[in-house]
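Structure record follows, encoded as structure tokens.
Please read these numbers as outputs of a predicted model, since none were measured by experiment.
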Protein chains: 2
Amino acid sequence: MRRDVFQAIADPTRRAILSLLTLHAMTPNAIAAHFDCSRQAISKHIQILAECHLVEQHQTGREINYHFNAEKMKEVDIWMEQFRKQWESRFDQLDEILKTP
Amino acid sequence: MRRDVFQAIADPTRRAILSLLTLHAMTPNAIAAHFDCSRQAISKHIQILAECHLVEQHQTGREINYHFNAEKMKEVDIWMEQFRKQWESRFDQLDEILKTP
DNA sequence: TATACACGCAACCATTTGATTGCGCAAAAT
DNA sequence: ATTTTGCGCAATCAAATGGTTGCGTGTATA
């Protein structure tokens, strides 16, 4: 089971869950109320998000509040940043421009 | 077949292909030479990248050169924007902690 | 003209994914 | 004490994914 952040955010439902959790921590039931699929389906998505630490849990009584872990999302940002650098530093771009008549 | 940028970059091989293509445009054969799987497997990855316009093609004779489309990658960046605030504020908090004697 | 090459496409296969249903357990409410 | 609620877990299933092999077509080369 390879679980990385990229695979976690590949699913639109999981992205929506993350967006919800940026507002405030929520229980699985509260999250599921925003979607038209079963609580269990949402629960499995949360589990995947938890496995790669994009969300963390905090239990109070029988309720479990899940909250977003922004730090983990940095991994995507870091990759994008490296990518951007690599792209911007390519030196054949000038050549392309000069070649056009 | 939903094909969005997030699903495209979920696969590590596809991310590696994109990384290669930031350096210069390449043919499927040239790309496949960098991986230990068949040309067809790479070709399918390229097709997925092309479907969501992360790469564009330019045919010259019997060769097809694929090049990276940076514009499309912006979609990820735009989506990430909503989270960036959170970890930046977290940084501020860390500053606060460090400032206290 | 005959041969070698670059590539896309289709068929096929094992594994993973996303969803459902049913269950059991512990905490809260009655 | 009994019922209701919130939740995770296991079994199950259709569909998607990532890979393979084989084939056809069009372009370059001998």
Side-chain angles (χ1 to χ4, degrees), chain A residues 1-21 23-69 76, chain B residues 1-21 23-69 72 76 79:
Chain A
M1 260 161 276
R2 76 173 137 73
R3 288 271 182 249
D4 59 31
V5 184
F6 292 95
Q7 210 246 346
I9 64 169
D11 186 85
T13 305
R14 284 197 290 270
R15 287 201 300 280
I17 291 174
L18 288 176
S19 285
L20 272 177
L21 293 184
L23 304 175
H24 43 74
M26 291 172 86
T27 65
N29 261 334
I31 297 169
H34 288 77
F35 302 90
D36 55 349
C37 65
S38 68
R39 176 186 61 82
Q40 283 84 349
I42 296 298
S43 222
K44 281 178 80 174
H45 280 304
I46 294 173
Q47 202 179 333
I48 288 169
L49 293 172
E51 271 175 36
C52 66
H53 303 99
L54 270 173
V55 303
E56 310 283 353
Q57 53 184 293
H58 178 250
Q59 186 149 2
T60 51
R62 67 179 168 178
E63 293 191 347
I64 301 177
N65 272 277
Y66 289 90
H67 61 91
F68 174 58
N69 177 24
V76 181
Chain B
M1 265 159 271
R2 74 176 139 71
R3 288 275 180 245
D4 58 33
V5 184
F6 294 95
Q7 211 247 344
I9 65 169
D11 186 86
T13 305
R14 283 196 290 270
R15 287 201 299 278
I17 291 173
L18 286 176
S19 203
L20 272 176
L21 292 184
L23 304 174
H24 44 73
M26 292 173 87
T27 65
N29 261 334
I31 296 169
H34 288 77
F35 301 90
D36 55 348
C37 64
S38 68
R39 175 187 62 83
Q40 283 84 348
I42 296 297
S43 222
K44 281 177 80 173
H45 281 304
I46 294 173
Q47 204 178 333
I48 289 168
L49 292 171
E51 271 175 36
C52 66
H53 303 99
L54 270 172
V55 304
E56 310 283 351
Q57 53 182 295
H58 178 249
Q59 186 148 3
T60 51
R62 66 179 168 177
E63 294 190 346
I64 300 177
N65 272 278
Y66 289 89
H67 61 92
F68 172 60
N69 176 26
K72 200 66 184 176
V76 182
W79 183 76

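For I48(A) and dC9(D), the CD1 to P distance is 13 Å, given to the nearest whole Å. In this structure, Q59(B) atom CD and dG26(D) atom C1' are separated by 9 Å, rounded to whole Å. Rounded to an integer number of Å, the gap from H45(A) NE2 to dT16(C) C1' is 14 Å. Nucleotide dT20(C) holds its C1' atom 18 Å from the CZ atom of F35(A), rounded to whole Å. I42(B) has its CD1 atom 14 Å from the P atom of dT21(D), to the nearest Å. What separates CD of E51(B) from P of dG18(D) is a distance of 12 Å, to the nearest Å. Rounded to whole angstrom, the span from the CZ atom of F6(B) across to the P atom of dA16(D) amounts to 21 Å. R15(B) has its CZ atom 11 Å from the P atom of dG18(D), to the nearest Å.
Within the model, atoms CG of L49(B) and CD of Q57(B) stand 12.0 Å from one another, a figure rounded to the nearest 0.5 Å. Taking CZ of R62(A) as the reference point, atom OG1 of T27(A) lies at 11.0 Å (rounded to 0.5 Å).
Minimum atom distance to the side chain of D11(A) is reached by dG18(C), of the listed dG19(D), dG18(C), dT17(C).
Contact check, R14(A) against dT17(C): no side-chain N or O comes under 4.0 Å of OP1 or OP2. The phosphate of dT20(C) (OP1 or OP2) has a side-chain N or O of S38(A) nearer than 4.0 angstrom.
Scored by the salt bridge (charged side-chain N to carboxylate O under 4.0 Å, His left out) test, R15(A) finds D4(B) as partners (sequence neighbours excluded). Listed by chain and residue number, E51(A) satisfy the side chain to side chain contact (heavy atoms under 4.5 Å, CB included) test with Q47(A) (two or more places apart in sequence, or in another chain). Taking the ring pair (Phe, Tyr, Trp, His ring centres under 6.0 Å) definition, one finds that Y66(B) meets it with nothing, sequence neighbours left out.
Put simply, the side chain of L54(B) does not reach to within 4.5 Å of the side chain of N69(B), judged on heavy atoms.
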Just list the side-chain donor-acceptor pairs under 3.5 Å for residues 31-46 of chain A, sequence neighbours left out, or say none.
unit_1, atom_1, unit_2, atom_2, d
H34(A), ND1, A30(A), O, 3.0
S38(A), OG, A41(A), N, 3.2
H45(A), ND1, R14(A), NH1, 3.0

- Can you give one letter per nucleotide of nucleotides 5-15 of chain C, 5' to 3': B if a protein heavy atom sits under 4.0 Å from the base, S if only from the sugar-phosphate, - if neither? BSBBB------
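Between T13(A) and T60(A), the residue whose closest nucleotide on DNA chain C is further toward the 5' end is T13(A).
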